[in-house]
Amino acid sequence: MRRTAFLITAVLVLLAGSWTAAEDVAGLPLHVKRLGPNTIRVWVGDYVSSTAVAAFATSKGVVVVDTVGIPRLDAELRKVIARELGRNDFAVLINTHEHSDHTMGNSVYEDCTIVGHANVAAGLSARAGDTARIVELRTRWLAESEEKLATLDPGSKEAMKLKENLTFHRLNLEAMRAKVVPPTKTFTDRMKLPMGDTTFDMYYIGGMHSASDIAILVPEQGLLLTGDTMADAWLNETPGCLASFGARSGIPHDFPMWLANWDAILARKATITLLLPGHWNGELSLKGAEARVAYVRGLWDDVNQAAKAGKSLAEVQAELAIEKRFPDLADSPGCNTRNNSTTIAEIWKIATNQKSAAETLYALADSGAPASAIADVLAERDKKQGAYFFDEAEINAQGYRLLQAKKVDQAIVVFKANVHAFPDAWNTYDSLGEALLAAGNPAKAMKMYEKSLALNPESKSGREALAKLQQIQAAK
């Protein structure tokens with residue numbers, strides 16, 4: 001773990017660089033890390049990527065940043081925070097964004113002012129509408145994982161990891177129907193929260209993880225809290241929410257505001273000693289944050305210039321491939337070909353006013369629209385700047401969105417459209433094969449896997465799927 005720079009006494013320096021895990025909370029190991037005389041960070045688990053809750057003892061009360069999203073756990077962590085800080089005058093809870101692993105513990109702090117971006121409430125409402133599907137998926141995962149645990153050596157690391165994950169996910173399942181409590185005080189761009197001797201300067205940096213991401217600068221403590229937006233180091237093999245740095249489809253973006261707010265934050269970098277991502281198992285350096293801001297600015301400028309020059313999205317994607325345009329970030333945590341592609345596509349959407357073919361195909365398939373409506377969308381494929389832009393990875397993701405919702409026939413429609421739009425892409429056939437197999441059509445699935453492997457013989461998943469299908473066919 002990174003050591004803080006509070007040089008008050010030798011004892012405080014020692015405390016700032018350590019954490020304890022001497023007790024359990026709801027069956028999970030508790031970790032407490034002291035960041036300064038009046039600031040701590042608490043989380044649960046040795047393996048799960050749980051939210052790290054920060055707490056500040058200010059002259060106007062205790063300020064907490066984020067919850068772990070499980071009311072039963074958050075109630076216990078509130079007691080731990082009070083004990084460690086020697087204070088029980090909780091005043092403010094700040095949500096760094098809308099996701100449930102940061103907000104579903106808000107009910108524990110209903111006696112406080114809850115601060116967050118104006119988009120948090122809408123995100124919480126959307127999640128409530130998806131509860132049944134998430135409960136089903138988690139219930140299925142728990143059953144499958146319990147079966148797997150029974151086959152493992154109880155003393156193995158794999159068994160310990162899985163056991164902890166099972167405990168954590170059972171608690172999450174329990175929390176799915178928890179009371180939804182949105183922020184009571186919101187902002188859209190920037191907000192200053194003075195708490196006597198401690199100031200919380202909040203900046204909207206949404207669009208790269210959720211619609212409501214904020215960064216929180218606490219200048220008196222030298223801390224910058226960045227939520228789940230970025231990390232340049234992972235402390236274990238399950239980075240969870242920190243695994244991705246890219247603009248996500250379906251989330252509103254204001255890239256100029258994002259860049260302006262990051263510029264304002266970095267203009268104060270002399271006050272920043274430590275950057276804190278929203279989960280305990282990730283770290284972020286100032287250099288890493290600057291590199292990612294420069295990356296987004298580079299894409300924003302380049303894509304807009306390319307659009308004005310009349311280039312196609314395919315041309316822009318090729319020119320701005322991360323390995324070519326940003327080689328230093330190509331292998332950095334969260335930065336990869338797929339995230340680069342989706343970020344380019346989201347900027348392209350703004351620069352050209354084109355609609356996303358992926359989103360349109362999803363909506364058409366989900367509503368049972370006729371084949372002619374799908375064909376009308378695909379007819380725009382060869383136009384440089386037609387009504388729609390086409391992104392293979394984005395269309396594929398929308399197909400899996402339907403497949404995971406058990407809308408197999410609709411998923412097949414989207415995957416077939418992707419094959420039509422990108423006939424030379426091996427992954428389009430692989431995904432269609434998976435959907436056809438889910439539909440109970442192994443013969444057609446085999447043909448798709450064969451086409452996929454012809455284009456990419458190195459696909460391990462494709463080889464394994466085809467081998468299993470061949471064995472099944474041979475056994476008949």
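Sequential numbering from 1 along the given sequence is applied to the chain's residues.
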(request) Classify the side-chain pair N38/Q221 by whether it contains a donor and acceptor separated by less than 3.5 Å. (result) no
(request) Write down the atom of V414, the atom of L402, and the distance for their closest heavy-atom approach. (result) CG2-CD1, 3.6 Å
(request) Measure the shortest side-chain to side-chain distance between D201 and R190 over non-hydrogen atoms and say whether it is less than 4.5 angstrom. (result) no
(request) Specify the closest pair of heavy atoms between A247 and H253, including all atoms of both residues, with the distance to one decimal. (result) CB-CE1, 3.6 Å
(request) Could you tell me whether the side chains of T238 and Y47 share a donor-acceptor contact shorter than 3.5 Å? (result) no
(request) Apply the test side chain to side chain donor-acceptor pair (under 3.5 Å) to residues N396 and S431: give CA-CA distance (whole Å), side-chain angles for both, the deciding distance (0.1 Å), then the verdict. (result) CA-CA 7 Å; N396 205 55; S431 298; 2.8 Å; yes
(message) Test side chain to side chain contact (heavy atoms under 4.5 Å, CB included) on T428 and L432; report intermediate values, then the result.
(response) CA-CA 6 Å; T428 63; L432 179 55; over 6 Å; no
(request) Give me the ring orientation class for W262 and W258: parallel if the planes are under 30° apart, tilted from 30 to 60°, perpendicular past 60°. (result) tilted
(request) Flag the pair D228 / D213 as yes when at least one side-chain heavy-atom distance between them is below 4.5 Å, and no otherwise. (result) no
(request) Measure across K324 and E319 and return the closest heavy-atom pair with its distance rounded to 0.1 Å. (result) CD-O, 3.6 Å
(request) With rounding to the nearest 0.5 Å, note down the distance linking CG in N236 to NE2 in H279. (result) 11.5 Å
(message) I'd like to know whether N336 forms a side chain to side chain contact (heavy atoms under 4.5 Å, CB included) with I322, so could you lay out the CA-CA distance, the side-chain angles of the two residues, the decisive distance to 0.1 Å, and finally the verdict.
(response) CA-CA 7 Å; N336 55 43; I322 192 166; over 6 Å; no
(request) Run the numbers on E380 and K355 for salt bridge (Lys or Arg N to Asp or Glu O under 4.0 Å), then give the verdict. (result) CA-CA 11 Å; E380 298 286 314; K355 296 178 182 178; over 6 Å; no
(message) For T184 and E110, which I'm curious about, is there any donor-acceptor pair between the side chains at under 3.5 Å?
(response) no
(request) Decide yes or no for N261 and D189: does some side-chain heavy atom of the first lie under 4.5 Å from some side-chain heavy atom of the second? (result) yes
(request) Go through V181 and I114 one step at a time and tell me if the side chain to side chain contact (heavy atoms under 4.5 Å, CB included) criterion holds. (result) CA-CA 9 Å; V181 179; I114 302 178; 3.8 Å; yes
(message) Checking Y109 against D74: is there a side-chain donor and acceptor pair closer than 3.5 Å?
(response) no
(request) Could you tell me whether R338 atom CZ has more than 12 heavy atoms of other residues or ligands within 6.0 Å of it? (result) no
(request) Check whether more than 12 heavy atoms from other residues, nucleotides or ligands sit under 6.0 Å from atom CG of D111, and answer yes or no. (result) yes
(request) May I ask you to check whether H102 and D66 show a side-chain donor-acceptor distance below 3.5 Å? (result) yes
(request) Report the relative orientation of the aromatic rings in H209 and H99; use parallel for angles under 30°, tilted for 30 to 60°, perpendicular for over 60°. (result) perpendicular
(message) If only side-chain N and O atoms count, and only distance matters, is there a donor-acceptor pair under 3.5 Å linking T103 with E98?
(response) no
(message) Testing the basics here: between S145 and L162, what is the closest heavy-atom pair and its distance to 0.1 Å?
(response) O-CD2, 3.5 Å
(message) Before you tell me yes or no, could you show the steps for T343 and N340 under side chain to side chain donor-acceptor pair (under 3.5 Å), namely the whole-Å CA-CA distance, both residues' side-chain angles and the distance that decides it to 0.1 Å?
(response) CA-CA 5 Å; T343 303; N340 186 63; over 6 Å; no
(message) Would N418 and Q398 count as a side chain to side chain donor-acceptor pair (under 3.5 Å) here? Give the steps.
(response) CA-CA 10 Å; N418 211 16; Q398 296 291 6; over 6 Å; no
(request) Mind listing the closest non-hydrogen atom pair of W300 and P256 along with its distance? (result) CZ2-CG, 3.8 Å
(message) Quick one, Q410 with L403, criterion side chain to side chain contact (heavy atoms under 4.5 Å, CB included). Give me CA distance, side-chain angles, the key distance, then yes/no.
(response) CA-CA 8 Å; Q410 295 93 321; L403 193 60; over 6 Å; no
(request) Could you tell me how the ring of H117 sits relative to the ring of F187: parallel (under 30°), tilted (30 to 60°) or perpendicular (over 60°)? (result) perpendicular
(message) Among I265, L266, L223, exactly one meets side-chain contact (heavy atoms from CB on, under 4.5 Å) together with I272. Which residue is that?
(response) I265
(request) Establish, from distance only, whether the side-chain atoms of T342 and E394 form a donor-acceptor pair under 3.5 Å. (result) no
(request) Find out whether R72 and L171 are in side-chain contact, i.e. whether some heavy atom of one side chain is under 4.5 Å from a heavy atom of the other. (result) yes
(message) For R140, is there an ion pair with E136 - N to carboxylate O distance below 4.0 angstrom?
(response) yes
(message) Can you confirm whether L73 sits close enough to L28 that some side-chain heavy atom of one is under 4.5 Å from a side-chain heavy atom of the other?
(response) yes
(message) Strictly below 4.0 Å, N to O, side chains only: are K79 and E76 in salt-bridge contact?
(response) yes
(message) Measuring only between side-chain heavy atoms, which start at C-beta, is V296 closer than 4.5 Å to F245?
(response) yes
(message) If we count only N and O atoms by modelled type, under 3.5 Å, do the side chains of H97 and N119 hold a donor and an acceptor together?
(response) no
(message) Nearest 0.5 angstrom please: I94 CD1 to T96 OG1, how far?
(response) 9.5 Å
(message) Is the terminal nitrogen or CZ of R292 (NZ for Lys, CZ for Arg) located under 6.0 angstrom from the six-membered ring centre of F326 and within 45° of that ring's axis?
(response) no
(request) Taking all heavy atoms of Y203 and all of A264, pick out the closest pair and write down the distance. (result) CE2-CB, 3.9 Å
(message) Do the side chains of K349 and E346 get close enough for a salt bridge, i.e. N-O under 4.0 angstrom?
(response) yes
